[in-house]
Amino acid sequence: MSSSQPTSPQVKEYVSLMRGLKQLDLTGPSVPCNLILTGDLAFPLAMNSQGKVLMAASLYGSGRIVVFGHEGYLSTQPNLVENAINWLKEGKSPDAAVGVHKDAKNVEENLKSRFKTKLMNDFSSDQGVGVYVTDAYSVAGHEKNIVAFMKSGGGLLIGGQAWHWSSQNPKENTLLQFAGNRVSGVAGIYFSKHKAGAECLPVYPQIPASWMSTVIGQDFEDDLEFLLHGISEFNLKDGVVSEVMIHGSLAFPIGITQDQRCFLAGAYYGQGRVVLVSHEGLFKWENFAPFWINALHWLDEGRQGVVGVSPDLSQAFELFKTFDMKCEKTNLRKDLSVFVCTAYKGDNIEELQQFVAEGGGLLIGGHAWHWAQTHKAQNYITEFTGNKILNKMGMTLLEYYVSGGCYKTPVPSQAIKDTYHFRHLLHKFGGHVTKGEKLADHEEEWLTKLSRDCTAILRLDENNSNYHQILCSFTEIIKTAGMPQVCKSCPVKTERDRVLLEVGAQLYKACPHRDELLPYLIKDNPLLPVVYNHRISVNVDTADKEEWVSTGLYLSPGMKTYMSIPADIVDKGWKVQIGCQTDKLGHKELKRASCVCERFPVTSEMIQVYNLWGGLIYLVAPPNTKASGQVTAQVGVPVPYYKSGVTSLSEWQLLRTAPSPWAELEFENIILTVPSDVVRNMERPDLLAAHWDRIMRAVADLAVIPHKFKRKERFVTDVQITNGWMHCGYPLMAHTGAAEGLVKYEDVKAMWGFIHELGHNQQRSCWEFSGHTTECTCNLWSLYVHETVLGTPREQCHSSMKPENRRACLEKYVNEGRQLKQWSVFVALETYVQLIEKFGWDSIKKVFGAYHTMENVPKDNKGKMNLYAVTFSEAVKMDLTGFFKAWGWPIESDTEKKVSNLPAWNDHPMAKYK
């Protein structure tokens, strides 16, 4: 257990409760029970070395509660009791008495010298007390009155243990039936049936936390036996439901796929229960009716009360009213036993949570994947209405979806052991990396899912006490086990290290004390020379896509800086980006973290930015934006940054030695981001600029677009990328091994791949044939640039362009029956090359130009191929349909008629192949 932890939102309450205490000696005859905390406002006061909570506090309504895991502590901890009374009395009238139940008479003796006390036979709210002190057994019969007292502002100090009661009542549900839980449970604190070791505990300056406390509250075997009675499988048919992340200690999976994605879950919350299905459409499915019957009875808890169905669930109501239960179509009412609703209405979130906390049952359905897709700028984990309701209950709807299928139900006796639960696996993983405890094979397989869920859980509301406990658990794990120092020479290969890498990165973003955490995450982080108050001129006129604006600055790993932003671009969609390597990696072996780029929305005139991994600083201008001004960075590491027409050769001689590990070369139409080492000895960047200017103008010529690109292309090199040696996009990505080729304009052989990717960025769906030309037509740009700019003969541009290789490729295609499914890459390129050899490069340009103004282009390959045949024929004034048919294209008779007035190309290269 660490005493140095992220600050909890309840820290003020904790400090008040523990004021003046150095330790808590809880040894002695009292054997406490472990307290289970679920409420978002519940927090531990004392936690033993095994992560068991022995004392806790919480808030409920306008009131407060302090819970001891044994009633004996009410007598043996007088200083803590005094602090607790003072805390519980805060804001109350000085005349309000401290009521003490008669069974705690010795406590009243200890208190009456310092407080106005009143010994009470039983609780009564009309006796003028502001705080009530009792054991957990004497509240029986008065639970509702005590809850109402606390809800309206009263304070409750309660002590007890449930392990003895549970042993005497083995068939009873301790969480719901033990008298103390019917009071404390509403505030998210439960007495459990498990004993906890009593120790002499230090009082930490922060709320105690440990990864060992991330346990599941019970085994849920009885609950699953009830819920799954008579049900052996869940058939989702063709439904698409959201995945559910279960992270609460009293939440559990009910329906789960073979690969451990949950779509149906249950939970205890306060005195009530919840069942979540991750698509509301399943409410009306008749094949789910047996489960809905079980679920409604489980939620009703034998009360035989009214099941209220939200008015917007008409079809569900029609199904449910056929069950042998009282069912009404109604909005939420306090007198309902169970309420059925969707996860989309946010007008009564607190009322709904309170309804469950005070004993109601909730059956709720909804999915989050559509909302997440349509609200990308928002944090669906906390802003989606359904999650506002469910997060506190220990369940979260994720943006990931589960497709239809038939899924077997879990075996109740093995459910916790054999099914994935975030808390359970986090607890096991903590023991694995800090104590060397072995994981079961199936738990090893679940680590990838744990890594992903760690990212999701750290997006929870930071004011949630459960979030704080998990954050502290992550912190303790990382500080003990460390984070892998991933790099090219030391790649991350195991799932264990992948989890630590992901958790460390996400923890850094979530932790309020990043500077303290940084040495545990980055071991080798040399200090680089910096510049201060660096001014960046901004002058943008973007088209229909966002654009990165280079600043010439770099941040070292974990380094922070403030950015001063002009007022007229605040809240206009601008962002500050740290890092240019934007590929999100999913490889089994990682040579860098999966995600190393961070973005910060520009929402004020002064923002702080940082990135665990460091990176070049950019301003990201939104689409269709025209703006100019000046941005100032408080501090940053200077970059070897050359910009054509701005940076002089004399300035470059100094800039090329700048300490940033990444350099940028910005030319007329392209920006190259490479390791600084490859430009340190470059004396004439202007010559490289002229080289790339010629290439990019040629790229524009073939695409039939203006020489000045609407947005400059970007080539970024990285130690590892998502796929291939290079790939297209913004930015175009290449391995660092390709960086030398980017900056050595004499190396013509290296250029084919670079231009190939630039060609990808020029491809247009209107003349692309899916499955055939994706890796073909981009090579037209490679071929064109080599021939017209680099002066390379066609047969020397690429090995596949050698005459003998072209001929072999073509003959193989012909001999195998000219099957269109085999017409791709260099086979397909041969088609275009034959056209170019007959009609010249201008013919291709005419065709591409014609498509710029073309409307109502077919979406299917057959339609597009016929249109292309017509367009090319008209461009060269010759009927080419015979040529294309010879290549196996699906040319229709209507197409032949459209160009029949043109002379036919009868002596085409394919004519000799019968």
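Just so it is clear, the values below take in all heavy atoms, side chains as well, and ignore hydrogens, waters and symmetry mates.
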Exercise for the section: Might you work through the side-chain contact (heavy atoms from CB on, under 4.5 Å) test for L612 and L518, ending with a clear yes or no? Expected result: CA-CA 8 Å; L612 171 63; L518 187 60; 3.7 Å; yes
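- In this structure, a donor-acceptor pair under 3.5 Å is present between the side chains of Q354 and K151.
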Practice problem: Step by step, work out the side-chain contact (heavy atoms from CB on, under 4.5 Å) result for Y14 and F43. | Solution: CA-CA 8 Å; Y14 173 79; F43 57 97; 4.0 Å; yes
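- At a threshold of 4.5 Å between non-hydrogen side-chain atoms, the residues T342 and I364 do not count as touching.
- With R64 contributing its side chain and L59 its backbone, the two residues share no donor-acceptor pair below 3.5 Å.
- Residues T561 and Q608 bring no donor and acceptor atom of their side chains to less than 3.5 Å of each other.
- Side-chain N/O atoms of Q577 and R599 include a donor and acceptor closer than 3.5 Å.
- Residues V340 and L296 meet the side-chain proximity criterion, which asks for heavy atoms closer than 4.5 Å.
- No side-chain donor-acceptor contact under 3.5 Å links S451 to the backbone of V499.
- Residues L439 and L447 are in side-chain contact: their nearest non-hydrogen atoms beyond the backbone lie under 4.5 Å apart.
- Here the closest heavy-atom approach between residue P731 and residue C580 is recorded as CG-O, 4.0 Å.
- Aromatic pair Y380/W371: centroids not less than 6.0 angstrom apart.
- Here the side chains of I578 and Y618 are not in contact, with every heavy-atom distance at 4.5 Å or above.
- Y730 places a side-chain N or O within donor-acceptor distance of the main-chain N or O of W548, the cut-off being under 3.5 Å.
- At a cut-off of 3.5 Å, with distance as the only test, a side-chain donor of Q315 or K284 sits close to an acceptor on the other residue.
- Shown here for W369 and V240, the closest heavy-atom pair between the two residues is NE1-O, 3.4 Å.
- A donor and an acceptor atom, one from each side chain of T419 and Q260, are nowhere located under 3.5 Å apart.
- The shortest distance between side-chain heavy atoms of L450 and Y420 falls below 4.5 Å.
- For F600, the CZ atom counts as densely surrounded, since its 6.0 Å shell holds more than 12 non-hydrogen atoms of other residues, nucleotides or ligands.
- Using cut-offs of 30° and 60° on the angle between ring planes, the pair F252 and W298 is perpendicular.
- Nearest heavy atom pair, residue S58 against residue I189, reads CB-CD1, 3.8 Å.
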- Please walk me through it: do Y467 and N391 pass side chain to side chain donor-acceptor pair (under 3.5 Å)? CA-CA 10 Å; Y467 166 85; N391 286 342; over 6 Å; no
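- Looking at Q720 and M733, their side chains never come closer than 4.5 Å, going by heavy atoms from C-beta outward.
- Salt-bridge annotation for E350 and K388: absent, with no side-chain N of the basic residue lying under 4.0 Å from a carboxylate O of the acidic one.
- Although no hydrogens or angles enter the test, the distance criterion places a donor-acceptor pair under 3.5 Å between the side chain of N611 and the main chain of V596.
- No cation-pi contact links K428 to W446, judged by a cut-off of 6.0 Å to the six-membered ring centre and 45° from its axis.
- For the residue pair D583 / H727, a side-chain donor-acceptor distance below 3.5 Å is found, with atom types taken as modelled.
- Remark: K334 fails to qualify as a cation-pi partner of F355 under the 6.0 Å distance and 45° angle criteria applied to the six-membered ring.
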- Message: side chain to side chain donor-acceptor pair (under 3.5 Å) for T214 and Q469? Distances and angles first, verdict last.
- Response: CA-CA 8 Å; T214 57; Q469 289 292 316; over 6 Å; no
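- With salt bridges taken as basic N to acidic carboxylate O contacts below 4.0 Å, one links K509 and E598.
- Between the S249 side chain and the G217 main chain, no donor and acceptor come within less than 3.5 Å of each other.
- Side-chain rings of Y407 and F263 approach one another, their centers coming within less than 6.0 Å.
- Looking only at atom types and distance, the side chain of N387 has no donor-acceptor partner in the side chain of T396 under 3.5 Å away.
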Step by step, work out the side-chain contact (heavy atoms from CB on, under 4.5 Å) result for V244 and L398.
CA-CA 6 Å; V244 179; L398 298 177; over 6 Å; no
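- Counting only distance, with no hydrogens or angles, the side chain of S473 and the backbone of S210 share a donor-acceptor pair below 3.5 Å.
- Remark: the Q373 side chain and the Y401 side chain contain no N/O donor-acceptor pair separated by less than 3.5 Å.
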Could you walk me through whether E516 and K479 pass salt bridge (charged side-chain N to carboxylate O under 4.0 Å, His left out), step by step? CA-CA 10 Å; E516 179 187 331; K479 286 186 173 181; 2.8 Å; yes
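- In this structure the side chain of L228 never reaches within 4.5 angstrom of the side chain of N294, judged on heavy atoms.
- The two atoms that bring A357 and V186 nearest to each other are O-CG1, 3.1 Å, heavy atoms only.
- Contacts classified as salt bridge (charged side-chain N to carboxylate O under 4.0 Å, His left out) and involving residues 257-267 (residues at least two apart or in different chains) are given here: D259-R261.
- Looking at H367 and Y344, their side chains do bring a donor and an acceptor atom within 3.5 Å of each other.
- Applying the 6.0 Å contact sphere to CZ of F288 captures more than 12 heavy atoms from other residues, nucleotides or ligands.
- The number of heavy atoms from other shown groups lying within 6.0 Å of NE2 (H370) does not exceed 12.
- Using a 4.5 Å heavy-atom cutoff, the side chains of H421 and I216 are in contact.
- Side-chain contact of Q218 with D223: a donor-acceptor pair under 3.5 Å is present, judged by distance alone.
- E243 has a carboxylate O that lies under 4.0 Å from a charged side-chain N of K449, or vice versa, which qualifies the two as a salt bridge.
- Under the 6.0 Å cut-off for aromatic ring centres, W292 and F283 qualify, their centroids lying closer than that.
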Between R459 and T382, is a side-chain contact (heavy atoms from CB on, under 4.5 Å) present by the stated rule, with each step listed? CA-CA 7 Å; R459 297 175 67 187; T382 57; 5.7 Å; no
